[in-house]
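Read the structure below first, then the notes.
Quick note: numbers below take in every heavy atom, side chains included, and nothing from hydrogens, waters or symmetry partners. Numbers here are sequence positions counted from 1. We count ligands from 1, going down the list as the structure has it; atoms in each ligand are counted the same way.
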Amino acid sequence: MRQTVAVLGGTGQTGKHVVQKLLELGLHVRVLSRDLAKARELFGNSVEVIAGDLVEVRDLKALVTGATHLLAAHGADRFSGERRYELVDYVGMDKALDSIPAGQATHIVYLSCCIVYKSALLSSTHLGQPLYWKRLTEDLVQRSGHPYTIVRPGRLNSSKSGSLQVVAEQLDLGGGYIAREDVAEVMVQAMQYENARGKTFETFNVAVLPARDWNKFFSELKADTKLV
Ligand SMILES: NC(=O)c1ccc[n+]([C@@H]2O[C@H](COP(=O)([O-])OP(=O)(O)OC[C@H]3O[C@@H](n4cnc5c(N)ncnc54)[C@H](OP(=O)(O)O)[C@@H]3O)[C@@H](O)[C@H]2O)c1
């Protein structure tokens, strides 16, 4: 039987590349979306679409039950109100984690953001807010007891993937850009490598010839210290 991968934010500008890459691997993909028509337009009938708004759903059992992986590339937009970053990014992830049946091994790959830790130390200014909630969401994932990988990209752009090298850092210094499709590739590769588990890292594009040894990419990262 094909593995099932659940995706949050699968209809987004980054998430749609994640879904495409999962489909290329021949996996069964389950996507949550508030907008069935948008999901169908993007993916036709090649994915299972679960209709739901992260702010409103009580649980996400229909999304995560039976999933070997949960790839989360969701992010709040203005339609979710003033507390959107809290309710979509953070509480949404909490609901997803809570809905994973006891004993089910699900590797979580979470799309966060670079400089998230530094920003969380700043007060809840308007600019700081999304990153503040992303940092708390990282904590949730790290403490969930599930295997996880946290990917913190630089500023996202829509340039073509593959023209620049993808690098990883663990300095939380920020700076730099990365193509959304490259971030999607990092997320989909992370779910396939044992040595990507338990790791949190920033990722950027740099102008060096592409050389993608994914095993080396993940091996060179240090594992997070245990939190619980
Ligand atoms: N922009 C940057 O430079 C940058 C840098 C680093 C990290 N990030 C982060 O990267 C992530 C992805 O960015 P992106 O530009 O690809 O995002 P995007 O195109 O805005 O996509 C957002 C996704 O989140 C889903 N979503 C939003 N609100 C939802 C809700 N209430 N319930 C269910 N799903 C909801 C949307 O699904 P539906 O509309 O189908 O419901 C959509 O699939 C975001 O979290 C962003 O903060 C961005």
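Checking Arg84, Lys134, Glu56, Arg78 against atom 9 (C) of ligand 1, the nearest heavy atom belongs to Lys134. Looking at His17, His74, Arg34 and measuring to atom 29 (C) of ligand 1, the nearest heavy atom belongs to Arg34. For atom 1 (N) of ligand 1, the nearest non-hydrogen atom from the set Arg155, Arg180, Gln13, Lys16 belongs to Arg180. Closest heavy-atom approach to atom 34 (N) of ligand 1 among the candidates Ile115, Leu54, Thr203, Ile50: Leu54. Relative to atom 31 (N) of ligand 1, the option among Asp53, Val49, Thr11 with the closest non-hydrogen atom is Asp53.
Within the 4.0 Å heavy-atom criterion, the part of Leu111 lying near ligand 1 is the side chain and not the backbone. Under 4.0 angstrom from ligand 1, the non-hydrogen atoms of Ser112 all belong to its backbone. Residue Ala73 touches ligand 1 through its backbone alone, judged by heavy-atom distances below 4.0 Å. Both the backbone and the side chain of Thr14 come within contact range of ligand 1, each with a heavy atom under 4.0 Å. Counting heavy atoms under 4.0 Å from ligand 1, residue Arg152 does not touch it at all.
Nearest protein heavy-atom neighbour of atom 27 (C) of ligand 1: Gly75 O, 3.1 Å. Atom 23 (C) of ligand 1 has Gly9 CA, 3.7 Å as its closest protein atom, hydrogens excluded (heavy atom only). Protein heavy atom at the shortest distance from atom 48 (C) of ligand 1 is Leu156 CD1, 3.4 Å.
A salt bridge does not link Asp172 with Arg135: every distance from a Lys NZ or Arg NE/NH1/NH2 to an Asp or Glu carboxylate oxygen is 4.0 Å or more. Salt-bridge formation is detected for the pair Glu185/Lys21: a Lys NZ or Arg NE/NH1/NH2 atom is positioned less than 4.0 Å from an Asp or Glu carboxylate oxygen.
Remark: atom 20 (O) of ligand 1 lies closer than 4.0 Å to no protein heavy atom.
For residues 88-102, the set of pairs meeting the side-chain hydrogen bond (donor to acceptor under 3.5 Å, both in side chains) definition, not counting sequence neighbours, comprises Asp89-Lys134. Among residues at least two apart or in separate chains, there is no ring pair (Phe, Tyr, Trp, His ring centres under 6.0 Å) pair with a member in residues 7-48.
Side chains of Thr200 and Gln142: a donor-acceptor N/O pair is present below 3.5 angstrom, by distance only.
Taking the six-membered ring where tryptophan is involved, the planes of Phe218 and Tyr193 are tilted, since the angle between them lies from 30° to 60°.
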